[in-house]
2 protein chains.
Amino acid sequence: MGVQERRARERQELRGEILEAARELFVREGVDQVSMRRIAEKIEYSPTTIYLYFKDKAELIDCLCEETLGKLDRRLTQIENSTPDPVERLRRGMKAYVEFGLKHPNEYKVAFMTELKPDELAGGRAKAMGQNALNHTRSSVKQCVAEGRMHVDDVEAAAQNIWATIHGLTSLLIVKTTFPWADRSKLLEQLVDTHIAGLMAERTVPAL
Amino acid sequence: MGVQERRARERQELRGEILEAARELFVREGVDQVSMRRIAEKIEYSPTTIYLYFKDKAELIDCLCEETLGKLDRRLTQIENSTPDPVERLRRGMKAYVEFGLKHPNEYKVAFMTELKPDELAGGRAKAMGQNALNHTRSSVKQCVAEGRMHVDDVEAAAQNIWATIHGLTSLLIVKTTFPWADRSKLLEQLVDTHIAGLMAERTVPAL
DNA sequence: CCATAAAATTAACGGTGTTATGTTATATCA
DNA sequence: TGATATAACATAACACCGTTAATTTTATGG
């Protein structure tokens, strides 16, 4: 009897259709323009059917973002494995992060620019996954310090600040589209250079 | 006689009441929890009356944010006038910026973490005002370069990157409230130190 | 063929921003 | 003073939204 398997497969198929339809709306128009009714119309099902496959809209969007965030994680892992020099690794990772954000602005917004409400404690897998980028950063910083190429008294704080730095550029470029920015690649290059130079120059106790 | 003045005054009074009621909701619960109906209930008027005083919700929120953003601008001006040393001025300005954002998270979100839709071209005075922070930064950087204390080939890009850096920390701290952050003041101190150290260390053409 | 379970739909609730249409109070002028 | 114009405010309604409950349709196993 393969009937159960078939049903499970059909279930997954429709689930996939929902995600596909939602993704199309989401990447083009952003999370606010995704509505259960619009998704339903695209797949030609009733709006409430979606609730048989996803707990609510937040979970649906979370699924979409998690998939995309996975790309960032894999890219960072790839860089990690292919770049032995920790400083260069950090450099490449930072650039890859910003480029990722600019390539997937709507996913980036959900993962890094909105807070999950306290009631949906379990949710936010995409957000959790996004924060994983920090793990890559931390390990690189640790190695830099171990090799004596950076002088920071607090590795954790340094890693968090690297994250803050690249997130700052990413999010501003996403949100302030009409602002007269300097050339993007120059901006990114300079930001990475400056921050890393700062980390390599700094003394632990500057004034004594 | 004087009836017109009185009416204008009463008009302004009600306008003020609307703003006050809206602000209370806004600062406590955020922009999404502000609704015309809730404001109306608080001031004991019908929801649609608000539209006689504000074009729409966006304009109302914009008003609230603009007021608050003014505080940031004045603070930065104050620092500018009271801190002759441009490096120290930059330092203080950056710290003041982050502290402002953490003190007024909802206003900060509207001004710096959301994009205005293209249809509301005129609106977004708060956002425009917020971007004014960059002007303070730019002038300080310019002076640093003029005094030979920083070596950057592009002042505009450097200023924009300073903005990006502090915005990054500010916005992440606002949004990722449950994240295990290092000590805030240490984070901020280190971020400012690192970036400024990078700007002071850097050579214009590093590799040649 | 029928009972059962699964899947999908319809109806409805309470909420949103906003517009068009009424109503009421106030000020001006004959 | 009383009619009229006008400004201020309210009611009703539109088109959405996310979500839940109740209901119907569809497919399965006996």
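Every chain is numbered from 1 and lettered A, B, ... according to where its sequence line falls, protein lines coming before strand lines.
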Worksheet item: Counting heavy atoms not belonging to A/Glu88, are there more than 12 under 6.0 Å from its CD?
Response: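 Atom CD in A/Glu88 is crowded, with more than 12 foreign heavy atoms closer than 6.0 Å.
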Identify whether any heavy atom of [X] sits under 4.0 Å from a base atom; if not, whether one sits that close to sugar-phosphate; answer base, sugar-phosphate or nothing.
{"X": "B/Leu60", "result": "nothing"}
{"X": "A/Phe54", "result": "nothing"}
{"X": "B/Leu14", "result": "sugar-phosphate"}
{"X": "A/Tyr45", "result": "sugar-phosphate"}

Discussion item. Less than 4.5 Å apart, side chain to side chain, heavy atoms only: is that true for B/Met113 and A/Val175?
Written reply: no
Discussion item. In the structure I gave you, are the side-chain heavy atoms of A/Tyr53 and A/Leu60 within less than 4.5 Å of one another anywhere?
Written reply: no
Worksheet item: So, B/Thr165 versus A/His195: side-chain donor-acceptor pair below 3.5 Å or not?
Response: no
Protein-nucleotide distance ([X], atom [atom1]; [N], atom [atom2]), rounded to Å:
{"X": "B/Ile50", "N": "C/dT16", "atom1": "CD1", "atom2": "P", "value": "11 Å"}
{"X": "B/Asp32", "N": "D/dC17", "atom1": "CG", "atom2": "P", "value": "16 Å"}
{"X": "B/Ile18", "N": "D/dA8", "atom1": "CD1", "atom2": "P", "value": "12 Å"}
{"X": "A/Glu10", "N": "C/dA5", "atom1": "CD", "atom2": "C1'", "value": "16 Å"}
{"X": "A/Glu59", "N": "D/dG18", "atom1": "CD", "atom2": "P", "value": "15 Å"}
{"X": "B/Ile39", "N": "D/dA10", "atom1": "CD1", "atom2": "P", "value": "14 Å"}
{"X": "B/Tyr53", "N": "D/dA7", "atom1": "OH", "atom2": "P", "value": "13 Å"}
{"X": "A/Asp56", "N": "D/dT19", "atom1": "CG", "atom2": "P", "value": "5 Å"}

Measure from the side chain of [X], starting at C-beta and using heavy atoms only, and say which of [options] lies closest.
{"X": "A/Lys57", "options": "D/dT11, C/dT18, D/dG18", "answer": "D/dG18"}
{"X": "A/Leu52", "options": "C/dA8, C/dT16, D/dG18", "answer": "C/dA8"}
{"X": "A/Arg37", "options": "D/dG18, C/dA7, D/dA8", "answer": "D/dG18"}

Discussion item. Is the ring pair A/Trp163/A/Phe112 parallel, tilted or perpendicular, if the boundaries are 30 and 60 degrees?
Written reply: perpendicular
Can a side chain N or O of [X] be found less than 4.0 Å away from OP1 or OP2 on [N]?
{"X": "A/Thr49", "N": "C/dT9", "value": "yes"}
{"X": "A/Ser35", "N": "D/dC17", "value": "yes"}
{"X": "A/Tyr51", "N": "D/dA21", "value": "no"}

Worksheet entry | Side-chain donor/acceptor of B/Thr48 to base of C/dT19, under 3.5 Å | no
